[in-house]
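This report concerns only the one structure given below.
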Amino acid sequence: TRRHTDTRVTVTRRHANGGADGRRPCRLRISAADVRLDPVDDEPGVVVRRDEIARFALSGTEAPEVVLYLRSPDRVERVSVRFPSFRLLNLFGRYLRADLLANDAIGSAPERARPIGVLLVDDDEQSRELTTVFLNERSDRLSILEASSARAALDVLAAADRRQAVDCVVSDYKMPGMDGIEFLEAVRADHPDLPFILYTARGSEAVASDAISAGVTDYLQKDPSTEQYELLANRIRNAVERTRAERARKRHLEAIETAREGISILDPDGEYIYVNEAYAALYGYDPDEMVGDHWELVYPDDEVETTRTEILPLVEERGYWHGETTGIRADGTTFPEDHVLSVTDRGDLVCTVRDLSARRDRQAELRLKDRVLDEAPIGITISDPASEDNPLIYVNDHFEQLTGYDAEEAVGRNCRFLQGDATREEPVAAMRAAIDDFEPVTVELRNYRKDGTEFWNRVTIAPLVDDDGSVENYVGFQEDVTDR
């Protein structure tokens, strides 16, 4: 429901030159534009713009921690942020991941920085030579492989994974054996997304039409001027960067498609432009049914008003919101949801949603169990054998009535404080032996109330074990059997 201002974390920085700062306590502050890490000792802090985060990794093996890998014109470094709880780590991870889904700067910056492998295909050796020389002059990012025929180029593509990656094909049209259109069709059979630019001196509208039908990325006619190479280099860069960005986006969407939590992306008008299976299933729809619809589809009227007047203004101001809302399913039933909203630089809204019904049911079940324990007509105690002297950690209301001791007076003490001068050793020894052997036991012994009066107490003690069979607690039942 708020930005995590003043969340205490521990930060370690490691720089590209090998230098490192020791762990330092900081205050974490996040917004739509940046993440701030301000040391509590008022030393200079760290400001990380979201577009500087090349990637991140969550760690939960030993402590709740996230590692940020940063790249900017003046620094390259690794920043490790340790959180006080896994809950805060999870929320911060969702904040980062929401931006990752819609921010190309995060998803594809490392890939766009790579050199661009170009396969230049032309049967005219001089034309290939001129094109290679002038393309290299126009851009030092282009790494050019040459092939003198379409057949030779197909062999290069087949071996590209083992030698040099090919990011774009630039091909002439009129070549012996297999022309540029036939070559394009062969490439598309195995590489449907590989950028392919038809670059020819013998073009026509018919050739351009056939190339478009075969799936050409771009079409450019050769020109005697040197400006054509600048144009060709730009076409290559643009085509490759679009393809890399789309691949990155597909990877991100594939990752969130398999996520258990519901994730959606809304455009600035509030209409769904992406919905994963988990999100749609929460509301009883198919993803295709929701895309193009407005977010009001899945919220009751009162929630729509609250979202418009309270939540969305906070998102616009801070770039982030986390809280609980009520969703409405296609069949009209409602459910409580954990809701995170994050706005991107483009104005899109990334939403992650989890159904809280099961957690609410568990909470209700726990409350019921608490009521049963508190209101049971018999004294109930729970002790902690892992602590020194196996002290009580819980007593119910009837125990207080039975003994005259308030919970505050009883908790933290071993239950033997109810014993006195007239308590026989035999039942006490039996209880002690059963506890040592992790066995249940029932005894009757004389105990004393807070006011000093005696009563006969029928005591049953039983061990409570965890999934591994280890004893976690002992539960005791106290019953006044004096009248018997």
Side-chain angles (χ1 to χ4, degrees), residues 84-88 324 335-336 338 354-484:
S85 70
F86 282 91
R87 176 181 172 275
L88 289 176
E324 293 186 10
F335 66 97
D338 180 81
R354 291 179 180 175
D355 188 348
L356 293 177
S357 300
R359 190 170 81 180
R360 294 282 179 85
D361 291 343
R362 289 195 298 271
Q363 291 172 341
E365 182 181 354
L366 289 175
R367 287 194 294 269
L368 177 60
K369 289 179 179 178
D370 287 343
R371 286 185 56 195
V372 169
L373 289 175
D374 288 339
E375 299 177 14
I378 189 172
I380 300 176
T381 62
I382 298 175
S383 67
D384 179 13
S387 299
E388 184 178 358
D389 203 28
N390 193 19
L392 297 178
I393 59 174
Y394 168 83
V395 298
N396 73 341
D397 293 346
H398 195 80
F399 177 90
E400 294 179 339
Q401 298 168 13
L402 175 65
T403 66
Y405 289 95
D406 292 337
E408 291 80 4
E409 299 173 292
V411 169
R413 304 169 66 182
N414 186 285
C415 205
R416 73 171 71 89
F417 72 87
L418 296 177
Q419 300 170 20
D421 294 340
T423 302
R424 293 189 303 116
E425 176 60 26
E426 289 84 350
V428 174
M431 287 192 296
R432 187 181 303 116
I435 291 173
D436 290 342
D437 293 336
F438 310 116
E439 296 289 341
V441 63
T442 300
V443 299
E444 293 183 2
L445 73 165
R446 196 190 307 266
N447 278 163
Y448 293 82
R449 297 184 176 90
K450 182 179 179 180
D451 62 8
T453 57
E454 300 179 358
F455 70 100
W456 282 95
N457 193 0
R458 180 180 174 86
V459 179
T460 298
I461 300 174
L464 300 177
V465 299
D466 60 18
D467 294 338
D468 297 329
S470 301
V471 174
E472 284 192 325
N473 301 100
Y474 283 97
V475 59
F477 301 93
Q478 326 264 338
E479 182 181 3
D480 186 352
V481 293
T482 304
D483 293 341
R484 292 166 48 191

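- A donor-acceptor pair is defined here as one N or O able to donate and one able to accept, closer than 3.5 Å; such a pair exists between the side chain of Thr482 and the backbone of Trp456.
- Of all heavy-atom pairs spanning His398 and Ala376, the tightest one is CB-O, 3.5 Å.
- To the nearest 0.5 Å, atoms CG (Asn473) and OG1 (Thr381) are separated by 10.5 Å.
- At distances below 3.5 Å, not a single donor-acceptor pair connects side-chain atoms of Asp338 with backbone N or O atoms of Glu324.
- With rounding to the nearest 0.5 Å, the separation of CD1 in Ile393 from CD1 in Ile382 is 6.0 Å.
- Applying the side chain to side chain donor-acceptor pair (under 3.5 Å) test between Asn457 and each of Gln478, Glu479, Gln419, Glu444 identifies Gln478 as the sole match.
- Asp468 and Ser470 share no side-chain donor-acceptor pair at under 3.5 Å.
- Scanning all heavy atoms of the two residues, the minimum distance from Pro440 to Ala434 falls at O-CB, 4.3 Å.
- Here the CG-CZ distance, from Leu418 to Arg449, works out to 10.5 Å after rounding to the nearest 0.5 Å.
- For the pair Pro391 and Ser383, the minimum side-chain heavy-atom distance is 4.5 Å or more.
- Heavy-atom minimum distance, Ala430 versus Val441: O-CG2, 4.1 Å.
- Contact of the Ile380 side chain with the Phe477 side chain is registered, since non-hydrogen atoms from C-beta on lie closer than 4.5 Å.
- The main-chain N or O of Thr423 is never found under 3.5 Å from a side-chain atom of Tyr448 such that the two would form a donor-acceptor pair.
- Counting heavy atoms of neighbouring residues, nucleotides and ligands inside a 6.0 Å radius, atom CD of Glu425 exceeds 12 of them.
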Can you give each donor-acceptor pair under 3.5 Å made by side-chain atoms of residues 403-414, sequence neighbours left out, with the distance rounded to 0.1 Å?
unit_1, atom_1, unit_2, atom_2, d
Thr403, OG1, Phe399, O, 2.9
Thr403, OG1, Tyr405, N, 3.2
Glu409, OE1, Asp406, N, 2.8
Glu409, OE1, Lys450, NZ, 3.2
Glu409, OE2, Lys450, NZ, 2.6
Arg413, NH1, Glu409, O, 3.4
Asn414, OD1, Arg416, N, 2.9
Asn414, ND2, Asp389, O, 2.8

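- Atom CZ of Arg432 sits about 8.5 Å away from atom CD1 of Ile435, to the nearest 0.5 Å.
- Looking at heavy atoms from C-beta onward, Leu402 lies in side-chain contact with Phe455 at the 4.5 angstrom threshold.
- Atom-to-atom distance recorded for Asn396:CG and Gln401:CD is 8.5 Å, nearest 0.5 angstrom.
- Closest of all the heavy-atom pairs between Val471 and Pro385 is CG1-CG, 4.2 Å.
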Open item on the list: Could you walk me through whether Leu373 and Tyr394 satisfy the side-chain contact (heavy atoms from CB on, under 4.5 Å) test, starting with their C-alpha distance in whole Å, then the side-chain angles of each, then the deciding distance to 0.1 Å, before giving a yes or no?
Closed with: CA-CA 10 Å; Leu373 289 175; Tyr394 168 83; 3.3 Å; yes
- [ ] Decide side-chain contact (heavy atoms from CB on, under 4.5 Å) for Leu445 and Arg424; before the verdict, give the C-alpha distance in whole Å, the side-chain angles of both, and the deciding distance to 0.1 Å.
- [x] CA-CA 7 Å; Leu445 73 165; Arg424 293 189 303 116; over 6 Å; no
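- Sparse packing is recorded around CG of Asp421, with 12 or fewer heavy atoms of other residues, nucleotides or ligands lying under 6.0 Å away.
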